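Heads up: the structure comes next, in structure tokens.
Throughout, protein chains are lettered first and strands after them, A, B, ... in sequence-line order, and every chain is numbered starting at 1. Not measured: the values here are computed from a predicted model.
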2 protein chains.
Amino acid sequence: MKGQSAIRLARLQQALASGGTLRLADAARLCGVSQMTIRRDVAASGGTMTFLGGRLMMAGDPQFAPLYDLDEQKGSHPLAKQRLCQRAASFIDEGDSLFIDCGTTLMPLVGALGNFEQLTVVTYALNVANAVGHLANVRLVLLGGLFHASSSSFESDAMPAAISRLGINKAFISAAGIHPEKGVSCFHFHEVVPKRAAIASAGQRILVTDGSKLGVIRPAFFADLDQFDIIVTDAETGRQLDEAQSMQSHEDRIKVVLKY
Amino acid sequence: MKGQSAIRLARLQQALASGGTLRLADAARLCGVSQMTIRRDVAASGGTMTFLGGRLMMAGDPQFAPLYDLDEQKGSHPLAKQRLCQRAASFIDEGDSLFIDCGTTLMPLVGALGNFEQLTVVTYALNVANAVGHLANVRLVLLGGLFHASSSSFESDAMPAAISRLGINKAFISAAGIHPEKGVSCFHFHEVVPKRAAIASAGQRILVTDGSKLGVIRPAFFADLDQFDIIVTDAETGRQLDEAQSMQSHEDRIKVVLKY
DNA sequence: CTATTCATGTTATTAAAATAACATTTGCGT
DNA sequence: ACGCAAATGTTATTTTAATAACATGAATAG
């Protein structure tokens with residue numbers, strides 16, 4: 001009798017892989033052992049699964065991640081994103097057809113979509129799709145392809161064609177780096193294709209970013225700053241961007257929205 | 001002071017829309033009221049949100065649905081699907097490229113995928129994609145398009161072309177109705193296109209179904225029984241299918257796998 | 001064959017969440 | 001202004017989950 005515990009763990013993991021929860025009592029019955037043994041197994045497994053209110057579930061699932069982790073800096077960052085997206089959402093009109101970029105920055109934007117009668121959302125991000133899929137008032141178009149877990153998004157060379165066929169009203173774009181001269185960049189190269197396609201075909205281009213990205217350069221450039229019609233950011237970043245733009249001709253100036 | 005409660009509910013719902021959880025304490029702070037008030041709000045909202053272990057979350061999220069609901073018939077059906085998929089998984093080989101159909105029937109199949117080194121999964125179902133996306137050893141290709149919440153799947157006329165380009169080894173197909181003469185059917189018409197494309201291009205076609213579907217006819221037919229190489233079902237259904245086939249010529253006979 | 005260890009079960013204890021009961025505030029009509 | 005009623009806050013109680021402690025039984029080494 002050696003790896004009994006591991007066998008049980010594997011069985012539970014398999015049961016939970018399709019994404020659900022198991023009551024402790026059921027998990028125990030499934031494995032034919034006592035509840036205490038299941039608890040011990042899970043505790044020894046070191047973080048792959050957790051209990052939450054008497055229910056066993058896969059840990060590390062973003063679904064269960066608290067929105068504001070109190071252990072971090074007191075809600076400053078998540079709240080910042082929420083405020084940012086609240087501001088960004090003010091540019092949405094009834095009946096709009098929106099492109100929503102991948103990443104975590106624009107997730108709170110989805111929450112604001114419930115206030116409209118009818119919208120259409122186009123995205124290539126799985127997390128965005130999941131959130132939007134729950135809204136009855138929003139038509140969702142997901143651009144599929146090969147999945148990249150690192151960005152929770154899909155890659156496909158068919159995306160530009162698909163996007164150009166879709167008629168996107170407003171494109172909400174996120175970024176990992178923003179540089180006044182060098183432009184806007186992100187981490188993953190496969191994001192460049194859909195980002196560029198959305199920027200090219202959208203009626204209005206809205207860049208949403210918090211201050212931590214200013215002056216930062218990431219591996220994959222995908223746009224210049226002046227390709228955006230609106231930039232939604234916080235006060236300090238906005239001020240600096242304004243300064244940088246003042247040196248340009250007045251015609252090129254883009255609208256920068258300050259949040260705080 | 002009239003709809004204060006509704007306002008708080010809306011705010012919480014918006015915060016949770018992007019998919020996550022809120023500790024009760026955080027929810028209370030977010031709304032500037034006591035925890036008890038939040039509890040009362042949520043209780044009065046009637047099921048849109050629930051508490052689970054001190055954390056607020058959107059109810060009805062499949063992510064939180066118990067795998068076996070004890071209130072139902074004692075695990076008979078969910079366990080049946082699990083056994084069915086365990087049997088179906090025995091046809092998977094290392095390195096395979098699998099098509100996985102939409103619906104709940106094939107969800108447990110995803111749990112069995114963790115035992116392999118390297119697989120590729122092609123699907124047009126959001127629930128399948130979510131489950132597969134967590135597995136590091138599986139490459140996921142999601143066929144996107146317009147989302148249908150009813151079946152948690154996508155519709156696109158580009159799917160046949162995309163599927164034919166993919167080289168699918170084995171196609172696991174689910175159905176809502178199986179009739180010996182009339183063939184295999186499902187509820188939604190948009191599922192027909194990807195199902196047929198997968199059946200057409202796959203090396204091996206595996207139909208997975210429990211006994212409750214036998215003799216049932218649903219709106220959208222998509223295949224005849226003899227288009228499948230393997231049918232994984234339970235004993236009684238298998239027996240009846242065997243009988244029906246005995247009346248046909250021996251050449252047409254397909255392999256029926258009994259489970260119990 | 002027996003002592004020891006490990007895995008598990010059982011029971012007791014503690015901590016935490018859900019509920020209930022009661023107190024307080026606030027808004028509003030008379 | 002007064003009093004009523006709705007809404008919220010506070011405290012107490014019950015229930016439930018999590019932890020700890022102890023007991024049992026099988027497996028193995030000496």
*For A:Asp101 and A:Ser174, indicate whether the former's side chain and the latter's backbone hold a donor-acceptor pair under 3.5 Å.*
yes
*Answer yes or no on whether A:Arg139 is positioned over the face of B:Phe147, meaning its NZ or CZ is under 6.0 Å from the six-membered ring centre and within 45° of the axis.*
no
*Test item: side-chain donor near acceptor, A:Arg87 and A:Ser90, under 3.5 Å*: yes
*Rounded interatomic separation in angstrom, taking CD1 from B:Ile38 and P from D:dT10*: 14 Å
*Any donor-acceptor pair under 3.5 Å linking the side chain of B:Arg55 with the backbone of B:Gly53?*
yes
*Will you find, in the side chains of A:Ser153 and A:His190, an N or O donor that is under 3.5 Å from an N or O acceptor?*
yes
*What are the residues of residues 7-14 of chain B, sorted by number, that bring a heavy atom to within less than 4.0 Å of DNA chain D?*
B:Arg8
*Rounded off to whole Å, could you give me the CD-to-C1' distance for the A:Gln4 and D:dG25 pair?*
15 Å
*With no hydrogens and no angle check, is any side-chain donor or acceptor of A:Thr123 less than 3.5 Å from a backbone partner on A:Ile100?*
yes
*asked:* Under the criterion side-chain contact (heavy atoms from CB on, under 4.5 Å), I'd like the reasoning laid out for B:Leu30 against B:Leu12: C-alpha separation, chi angles, the key distance, then a yes or no.
replied: CA-CA 8 Å; B:Leu30 182 67; B:Leu12 292 175; 4.1 Å; yes
*Round to the nearest Å and state the distance from A:Arg23 atom CZ to D:dA18 atom P.*
13 Å
*Output the distance between atom CG (A:Leu119) and atom NZ (A:Lys170), rounded to the nearest 0.5 Å.*
9.5 Å
*Rounded distance in Å - CG (A:Asp41) to C1' (C:dA7)*: 10 Å
*Are OP1 or OP2 of C:dG9 and a side-chain N or O of A:Thr37 less than 4.0 angstrom apart?*
yes
Detail all sub-3.5 Å separations between protein N/O atoms and N/O atoms belonging to nucleotides 15-18 of chain C.
{"from": "C:dA18", "atom 1": "OP2", "to": "B:Arg39", "atom 2": "NH1", "distance (Å)": "2.9"}
{"from": "C:dA18", "atom 1": "OP2", "to": "B:Arg39", "atom 2": "NH2", "distance (Å)": "2.7"}
{"from": "C:dA18", "atom 1": "O5'", "to": "B:Arg39", "atom 2": "NH1", "distance (Å)": "3.4"}

*So, the side chain of A:Asp234 versus the backbone of A:Gly211: is there a donor-acceptor pair under 3.5 Å, distance only?*
yes
Could you write out each protein N or O paired with an N or O of nucleotides 20-25 of chain C at a distance under 3.5 Å?
none

*Any chance CD of B:Glu117 has more than 12 other-residue heavy atoms, nucleotides or ligands included, within less than 6.0 Å?*
no
_Given 3.5 Å as the limit, does a donor-acceptor pair link the side chain of B:Asp96 with the main chain of B:Leu98, or not?_
no
